[in-house]
Amino acid sequence: MKFYLVLSLLIGSATARRNPFTVFKRAKQLRFLLSVKDGSFLDGAESLEPTLDWENDTEFGDVTVRYGVKAAATTKEGAVRTAWAKATTETDEGWVITGKGDLDLNDRSSVDLELDILNTELDTSIGIDASLEREGGLDVKFAEIHRKSETNIFDQPGKLDLKARYTFEDSKAEVEIDYESDATSAEMVASADEKSLKLSRRVGDIMPFIRNAKYSVTVSDKEDNKYEYERVIDEDGTLKASFIVNERAEIEWKDNGWVASASSDLDGIKPTSPDIHVKKEVTF
């Protein structure tokens, strides 16, 4: 059994992984990681893994450029050391174009590239991921288009998302259709190799651990059924759990900045290798 304790100190607000409909926020953070494994602290300085995450921005005409560095203050092999830059501009027609590059300073053999094109008026975005290899040149990973729209099915207002994605490495096309209303949501993913359907239903005020909860089941022609439970405890707390027979179980509890999570592989419904994580984030 492994137990991890993480304490993070954040200055500013962190930038989430690419989401075309998310506004990027500036992030200046200093993060300290303290690991506890098998119930005991590691010896000496090995227990601490401080990481510096710094960024800045400037403007060139109509183009805003952000750049930064993330580096772990440790000599351990494989420690995170990356540099990145991102340029953003907007056309007169309302299209926001963003290009980003990430360089692994430990390797420096390639640069990961992202191109996002977004129009909030049309609720449409286009994304392309690629890498620029030192020896192989430009390698396009995938391209995707995302369109959002409002619906009114059975007199119930909702949102419909359509995502189409093509992966160049294996010539795989995939379509995802998401529908969500106040009480019901559905997610369908289809490709030549696999098809899956996720249905979710939100339950109102019935009884403790059932009220204000969302229950989901995912069925697939390739994998076992997945069952999920999600409940909002209060404005600062949530509880999530997922379960796949003979595969994995996970649970996460958040409350007032604290996050406790546990996971384990399963033999039937019996846990075989439980992991427990606890962390606290303090923002200044």
Side-chain angles (χ1 to χ4, degrees), residues 1-8 10 14-19 22 31-42 49 51 78 80 161 163 165 174 176-180 183-191 193-204 206-283:
M1 184 182 200
K2 295 182 179 179
F3 179 82
Y4 300 86
L5 175 65
V6 179
L7 177 64
S8 298
L10 303 179
T15 301
R17 172 66 174 95
R18 173 180 172 195
N19 181 339
T22 297
R31 183 171 185 267
F32 292 93
L33 173 64
L34 181 62
S35 299
V36 185
K37 298 185 178 180
D38 298 324
S40 61
F41 285 89
L42 299 176
E49 296 180 356
T51 301
V80 175
D161 283 10
K163 304 173 187 176
R165 177 185 179 112
E174 183 177 272
E176 179 179 338
I177 301 174
D178 297 336
Y179 167 77
E180 183 173 4
T184 306
S185 64
E187 176 184 310
M188 183 180 70
V189 180
S191 68
D193 300 327
E194 182 178 359
K195 300 171 183 62
S196 67
L197 175 64
K198 178 179 179 179
L199 298 175
S200 303
R201 179 71 178 177
R202 190 174 299 277
V203 179
I206 298 180
M207 64 179 66
F209 297 104
I210 294 182
R211 65 188 179 193
N212 300 324
K214 183 171 74 171
Y215 300 85
S216 305
V217 58
T218 303
V219 295
S220 168
D221 60 349
K222 295 291 186 181
E223 299 179 354
D224 292 333
N225 293 351
K226 180 178 182 180
Y227 303 92
E228 296 172 274
Y229 166 88
E230 180 178 350
R231 178 176 175 236
V232 177
I233 301 173
D234 52 39
E235 62 180 8
D236 296 319
T238 59
L239 179 64
K240 298 179 182 180
S242 64
F243 176 77
I244 305 175
V245 177
N246 276 320
E247 188 170 329
R248 191 167 181 81
E250 298 177 347
I251 186 169
E252 179 186 76
W253 171 65
K254 293 183 178 181
D255 188 28
N256 197 28
W258 284 96
V259 181
S261 61
S263 62
S264 178
D265 295 333
L266 298 176
D267 181 6
I269 60 174
K270 179 182 177 181
T272 58
S273 55
D275 284 352
I276 299 174
H277 304 258
V278 179
K279 70 178 181 180
K280 170 71 173 179
E281 292 183 351
V282 182
T283 304

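In this chain, numbering begins with 1 at the start of the sequence shown.
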Practice prompt. Just do the side chain to side chain contact (heavy atoms under 4.5 Å, CB included) check on K163 and D178 with the steps written out, would you?
Written response: CA-CA 8 Å; K163 304 173 187 176; D178 297 336; 3.8 Å; yes
Fill in: Partner residues of S191 under the side-chain contact (heavy atoms from CB on, under 4.5 Å) criterion, sequence neighbours left out
K172, E174, D193, E194
Item to complete: Would you give the length of the straight line joining atom CZ of R248 to atom OG of S242, rounded to the nearest 0.5 angstrom?
Response: 8.5 Å
Worksheet item: How far apart are the C-alpha atoms of E228 and K240, what are their side-chain angles, what is the distance that settles it, and do they pass the side chain to side chain contact (heavy atoms under 4.5 Å, CB included) test?
Response: CA-CA 7 Å; E228 296 172 274; K240 298 179 182 180; over 6 Å; no
Worksheet entry | E176 side, atom CD; K198 side, atom NZ - distance, nearest 0.5 Å | 10.0 Å
Worksheet item: So, do I244 and D224 sit near enough that their side-chain heavy atoms are less than 4.5 Å apart?
Response: yes
Worksheet entry | Name of the residue among S273, P271, P274 meeting side chain to side chain contact (heavy atoms under 4.5 Å, CB included) with D265 | S273
Worksheet, complete the sentence: Separation between OG1 (T238) and NZ (K254), nearest 0.5 Å, reads 5.5 Å
Fill in: Interatomic spacing from CD in E247 to OG in S264 - rounded to 0.5 Å
12.0 Å
Discussion item. Rounded at 0.5 Å granularity, tell me how far OG in S185 sits from NZ in K214.
Written reply: 5.0 Å
Worksheet, complete the sentence: Closest non-hydrogen contact found for G268 with N246 is N-OD1, 2.6 Å
Practice prompt. Verify the distance criterion only: is there a donor paired with an acceptor across the side chains of S196 and S220 at less than 3.5 Å?
Written response: no
Worksheet item: How far apart are the C-alpha atoms of E250 and S261, what are their side-chain angles, what is the distance that settles it, and do they pass the side chain to side chain contact (heavy atoms under 4.5 Å, CB included) test?
Response: CA-CA 7 Å; E250 298 177 347; S261 61; over 6 Å; no
Item to complete: Under the side chain to side chain contact (heavy atoms under 4.5 Å, CB included) rule, what do I251 and Y229 come out as? Steps first, then yes or no, please.
Response: CA-CA 9 Å; I251 186 169; Y229 166 88; over 6 Å; no
